[in-house]
Amino acid sequence: MSYLKDELYQLVKQDSSIFNFVQDIALDGLWFWDLENQEHEWVSLKFWTILGYNPEELPSTASSWQNMIHHEDLETVLQHLQEISHKAETNFNLIVRYYHKNGSVKWLKMIGLIIKSDTGKAIRLIAAHVDITDLKVKEDLLVRCNVAASVGFWEINLSTMQPIWSHVTKIIHEVSDDYIPDIHSALDFYAVGNKELIENAVTKLLKTGTPYDLELQIITAKGNLKWVRAIGLSEFVNGICTRVYGTFQDINQSKVLEIALISEREKLENVILGTNAGTWEWNIQTGETIFNERWAEIVGYTLDELQPISIETWVNLSHPEDLKKSNEKINDCCNKITEYYHIECRMRHKNGHWVWILDRGKITSWTADGKPLMMFGTHTDITEQKLAFERNQQFVKQAPSAIAMFDTNLHYLAASNKWIDDYKLNGLDIIGKSHYEIFPEIGEDWKKIHQNCLQGVSQKCEEDKFLREDGTVQWIEWEIKPWFLDSKTQGGIIMYTDDITERKVTQEKLKISEQAFRGNFENAAIGMALLNKEANLIQANKRLCDIIGYTENELKKATFKNITHPDDRDLDTTLYHNLINGKINDYRLEKRYIHKNNSIVYVILAASVVRDDEGEILYFIFQVVDITALKNAEYEIQTLLEVTKDQNKRLKNFAHIVSHNLRSHTSNIEMLIYLLFQENPELESNNILQLIKTAADNLTETIAHLNEVVQMNSETLANLISLDLYAFTEHAISNLKVMAATANVKVQNHITAKILVKGISAYLDSILFNLINNAIKYSSTERESFVKIDCYEEDKYIVLTITDNGLGIDLKTQGSKLFGMYQTFHGNPDARGIGLFITKNQIETMGGKIEVLSEVNKGTTFKVYLLSAQK
């Protein structure tokens, strides 16, 4: 029919509408491009409408369609055109992604022809476009479905016997995407025993076209064992195989689950046979029920005797009281409150008596709208266990020990009266209630013990602390064991406890006492020893060994009698025998030991005896205090006292002589001044002579005070007298009047009259003089200086304060040396560093104390605490 082709060519030449029809209907766009002037091109209207554009709005230029091509594909298109134009080929075939006006992607297949000149130069390009978007979407969906279902494809190139694997097939084999298998390496992936199966199947497929569908195991490139489903198909033409292909699917997860399910089914069947249990299966929606023969046998029937069987069969045989409980538990399962159905119930036996049944079940499937559909369960005859359990309940209740019996949910089944008493549960109905409800304070450690016991693990503890909810502590000894309905079925746990709180408290006290004794014994600052009733050493602490120079082992070989000074043995022995004979319970004496180095050690020995309840001697306790240093010090002190007494006696005599002689001289000075004024009355107005007279009077008074000190005995406090603080302050200010005027220092006395303190006149004079003198002496030339004197009452003291604004003292560096002897702080050439030392001692001699507050270049305040004479 080639004339039709020629005829069509002629019609196209004669009538352009035929060409328009072809390019509009048969194609999704036609493109003609001038390669010599690449901005010139012609694109059919349908091309633009497919991409959602109005052709009249777009220029026919290369940039128009290039801007619409996906950026990843544009480079490929241009490169491909460039390569074609320089090669002999004139045809090309590309799939290109274009952007639709609405932003979506359009897949267009481009089939092109390069038109060349006589010289072979590419001058024009004509191309047709076919919209394959739907095909690509379906292809992408298929790929994703295959990936999701883990289904790959394979094919064998029969000319080269080269296997071709899809992307998913390579994923299943865990190889890279650029992996190229051969026929041998492809078969080598199959596990031992599986390789022969696939080889035979492929051979039959090639020879006879017999398809195969096998579940096999492969070992992946990463060494993982995996179940796969391999399907092989072939195509034959005239008895010759022209194509071999198939699918390859990862079924490892489902296969593993299938194998596990089969294993579980086998286990379940064995369990049912082994436990001799009846089984039931119930369609909750229709009431259709299936029982096995054992189910009927438990209640004395055969299945034939129970026909027709339905859920009513079970209802009619159930005890009315138990039926109500059973319905409640089934409803809980239907409402998904609980997952499992579990109840002990009674069923009427064919002979008329009641049989106890352990009924267990679970809803195994649901309807599409969420309603319960199928429920499966078992019946176990527990009549004998029930009777045995009732006997055990009575035994537990009447047991003299604290015993409780629980089911597998830790609900009380029975408890002895002792249990009720020990845990103060009198008046509470605990049967059927959770152990954790009765004792909410039970912690996770106990719950773990209970769960272990429900797994068959028995445990016990001789002493354990149980912290009650009210904060009290109860010590118990306990043991917990599982109990069984039969030789295999655990019914729960049974617990025994014994309240050992009182015993534990006693042990704790004893332990603490022993630890305290041991600590005191080993670390005591005095020597300690334990002796048995034969007076042999049991133990000696380190301090005792240090005192007498012997090691503990050496003391165990020797006796304390041997190291006792001979002159002290008789008294020590007598007291020791009186202790043994019960005449005394302990004794204490001062004695001497002979040190290992033969020196004499003075000690105070305290000995006591420890007896048992029958009065028998358990051991002796010796305590030894080393007083050797004390004895030596006592001797030295006694010697020093003798010397001091003699020196004091001499000092008193010296003071009497000085006081007497000075008093004679001052009397002569006073007499001379008196005679001078008598003979020359006009001299009484001379200031210098008046100051001399005042100084002489003060010297006389000071000597008088010194004489008072000399007359006092050593008990100074008992000889303190009441002194007028104001008068003494005025007296000191008067003595320092010239010095204050010279230094331009204002001295202010704010003490009121009649403030009485206890003291010694000479000491109080000296204290005031020294402190005021220092305040004047160390005044500042940079400001107007003052000294303020005041007092206030505090407890038993009158606190005298002397404040100045002078140079001050750095207490951080010099505070600790302030009252030391011969300590000076400002570098004055006339400073001797003795004044504050004497002042502090005088204050303390009168029962007081002194404090100081000072800041450099701001001033100082001395606080003198003097005993008040007003209380």
Side-chain angles (χ1 to χ4, degrees), residues 1-2 4-5 26 89 91-95 107 109-111 128 130-221 225-255 258:
M1 300 298 179
S2 60
L4 292 176
K5 178 180 178 183
E89 296 103 350
N91 299 323
F92 69 93
N93 190 329
L94 289 175
I95 294 176
W107 290 85
K109 186 174 183 180
M110 180 189 297
I111 304 169
V130 180
D131 186 354
I132 60 171
T133 302
D134 290 342
L135 181 62
K136 289 297 290 186
V137 169
K138 292 177 182 178
E139 180 183 321
D140 180 64
L141 179 61
L142 178 62
V143 170
R144 283 190 283 170
C145 289
N146 288 339
V147 172
S150 195
V151 177
F153 296 93
W154 62 269
E155 189 171 355
I156 297 178
N157 185 331
L158 295 178
S159 62
T160 62
M161 292 304 290
Q162 173 71 46
I164 301 169
W165 286 357
S166 70
H167 173 68
V168 177
T169 302
K170 292 179 180 180
I171 291 176
I172 296 172
H173 283 84
E174 295 184 336
V175 297
S176 62
D177 213 33
D178 59 356
Y179 177 77
I180 301 176
D182 58 48
I183 194 69
H184 298 292
S185 63
L187 293 174
D188 285 341
F189 278 97
Y190 289 88
V192 176
N194 293 259
K195 183 177 181 181
E196 292 77 8
L197 293 175
I198 192 66
E199 285 179 338
N200 293 335
V202 171
T203 300
K204 287 183 180 182
L205 182 66
L206 291 169
K207 288 182 178 180
T208 65
T210 305
Y212 63 83
D213 187 343
L214 299 174
E215 292 182 354
L216 303 169
Q217 284 183 297
I218 64 168
I219 300 175
T220 69
L225 186 64
K226 184 182 292 187
W227 280 96
V228 296
R229 182 183 181 188
I231 296 177
L233 301 170
S234 64
E235 295 178 1
F236 277 72
V237 177
N238 298 326
I240 298 173
C241 183
T242 59
R243 186 184 180 202
V244 177
Y245 62 96
T247 61
F248 200 77
Q249 183 179 9
D250 184 345
I251 61 169
N252 192 65
Q253 185 175 5
S254 60
K255 191 67 178 178
E258 179 186 342

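Ring geometry, Tyr212 versus Trp154: the interplanar angle falls under 30°, so the pair is classed parallel (tilted spans 30 to 60°).
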Test side chain to side chain contact (heavy atoms under 4.5 Å, CB included) applied to Asp177 and His167, step by step = CA-CA 6 Å; Asp177 213 33; His167 173 68; 2.8 Å; yes
Step by step, work out the side chain to side chain contact (heavy atoms under 4.5 Å, CB included) result for Gln253 and Trp227. CA-CA 8 Å; Gln253 185 175 5; Trp227 280 96; over 6 Å; no
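Remark: Ile111 CD1 is packed, more than 12 non-hydrogen atoms of other residues, nucleotides or ligands lying under 6.0 Å away. Counting heavy-atom neighbours within 6.0 Å of Lys195 NZ, excluding the residue itself, gives a total above 12.
Put simply, the side chain of Thr208 gets close to the backbone of Lys204: a donor and an acceptor are under 3.5 Å apart. Using modelled atom types, one side-chain atom of Lys170 and one backbone atom of Tyr179 make a donor-acceptor pair closer than 3.5 Å. Distance alone, capped at 3.5 Å, places no donor-acceptor pair between the Asn238 side chain and the Ile240 backbone. Thr247 places no side-chain N or O within donor-acceptor distance of the main-chain N or O of Phe153, the cut-off being under 3.5 Å. Under the 3.5 Å distance criterion, the side-chain polar atoms of Lys255 are left unmatched by any main-chain donor or acceptor of Val228.
Side chains of Thr203 and Asn200: a donor-acceptor N/O pair is absent below 3.5 angstrom, by distance only.
When all heavy atoms are compared, the tightest approach of Ala221 to Val175 is CB-CG1, 3.7 Å.
Separation of atoms OG1 (Thr220) and CZ (Phe189) is listed at 8.0 Å; rounding is to 0.5 Å.
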